[in-house]
Amino acid sequence: MRIDDLSQLGPAVRAELERQIKERQKQNQQKEHCKPKRSDEFDSQLERNFYITDLLPKILNGQIVDIELRKSFELLPKSEYCGLKLPSARYTPDFLVTYRNGTIEAIETKSKVIRKLQRDYIYRRRLFIEKYCRPNGWAFREIIAD
């Protein structure tokens, strides 16, 4: 017997079917966010290797429900001071990962050489941690490679 109209069902059965439909839609959306990334989506070989060795296995076993690559956060808005135009300051972690248990972790991957060349990185990192990670209870992980 096939029923195309849920209104023909009793209220308890209809409510259970609607709940199951919403749950399946939610699972499909999560799978879409966590589908494996293409190698050209990464800025560096280090990012790609970290994704393949650390994040992808956790996606496949269901520990990770969402990953955003290079989500940008505003640290300071653009402004003006004594005739100087001050640009906005932003921080963009390589990965923003949401785990099944609700934990959110920002992950930054850097080589030692690049980290040394980006002198303002340590200050932007600190502002990001103080403005976003600490107040929201997010974890922050930095991967430094040779």
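Reckoned from all heavy atoms, side chains included, excluding hydrogens, waters and symmetry mates.
At a cut-off of 3.5 Å, with distance as the only test, no side-chain donor of Glu74 or Tyr132 sits close to an acceptor on the other residue.
Ring orientation note: the planes of Phe140 and Tyr91 are tilted relative to one another, at an angle of 30° to 60°.
Taking CD from Glu47 and CG from Leu55, the interatomic distance works out to 10.5 Å, rounded to the nearest 0.5 Å. The CG atom of Asp120 sits 15.5 Å away from atom CZ of Arg126, with the distance rounded to the nearest 0.5 Å. Between the CG atom of Asp94 and the CZ atom of Arg48 there is a distance of 15.0 Å, given to the nearest 0.5 Å. In this structure, CD1 on Ile104 lies 8.5 Å from CG on Asp66, to the nearest 0.5 angstrom. One distance of note links CD of Glu108 with CZ of Arg124; it measures 8.0 Å at 0.5 Å rounding.
Hydrophobic clustering of Ile, Leu, Val, Met, Phe, Trp and Tyr side chains at less than 4.5 Å, counting indirect connections, keeps Ile129 apart from Ile107. The hydrophobic clustering, which links ILVMFWY residues whose side-chain heavy atoms are closer than 4.5 Å, places Ile122 and Phe128 together. The cluster map of Ile, Leu, Val, Met, Phe, Trp and Tyr, joined by side-chain heavy atoms under 4.5 Å apart, puts Leu127 and Tyr123 in the same cluster.
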(Q) Pair Lys112, Ile144 - check side-chain contact (heavy atoms from CB on, under 4.5 Å), show working. (A) CA-CA 6 Å; Lys112 286 182 179 178; Ile144 305 295; 3.5 Å; yes
Q.
Run Arg100 and Gln63 through side-chain contact (heavy atoms from CB on, under 4.5 Å) and show every step you take.
A. CA-CA 5 Å; Arg100 178 174 297 286; Gln63 288 178 307; 5.7 Å; no
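In this structure, Lys78 has no salt bridge (Lys or Arg N to Asp or Glu O under 4.0 Å) partners at least two apart in sequence or on a different chain. Evaluation of the salt bridge (Lys or Arg N to Asp or Glu O under 4.0 Å) rule for Arg141 yields Asp54, Glu105 as partners, not counting sequence neighbours.
Tyr51 and Ile67 get closest at one heavy-atom pair: CE1-CD1, 4.0 Å. When all heavy atoms are compared, the tightest approach of Leu46 to Ile143 is CD2-O, 4.4 Å. For the residue pair Ser72 and Thr92, the shortest heavy atom distance occurs at OG-OG1, 3.3 Å.
Under a 4.0 Å N-O distance rule, the pair Asp43/Arg70 qualifies as a salt bridge. Salt-bridge annotation for Arg125 and Glu142: present, with a side-chain N of the basic residue lying under 4.0 Å from a carboxylate O of the acidic one.
Ring to ring, Phe50 and Phe42 are not that close: their centroids are 6.0 angstrom or more apart.
No more than 12 heavy atoms of other residues, nucleotides or ligands lie within 6.0 Å of CZ in Arg134, so this atom counts as exposed by the packing criterion.
Checking side-chain atoms of Asn101 against main-chain N and O of Thr103 turns up a donor-acceptor pair under 3.5 Å.
Within the cation-pi definition used here (under 6.0 Å to the ring centroid, within 45° of the axis), Lys131 does not qualify as a partner of Phe73.
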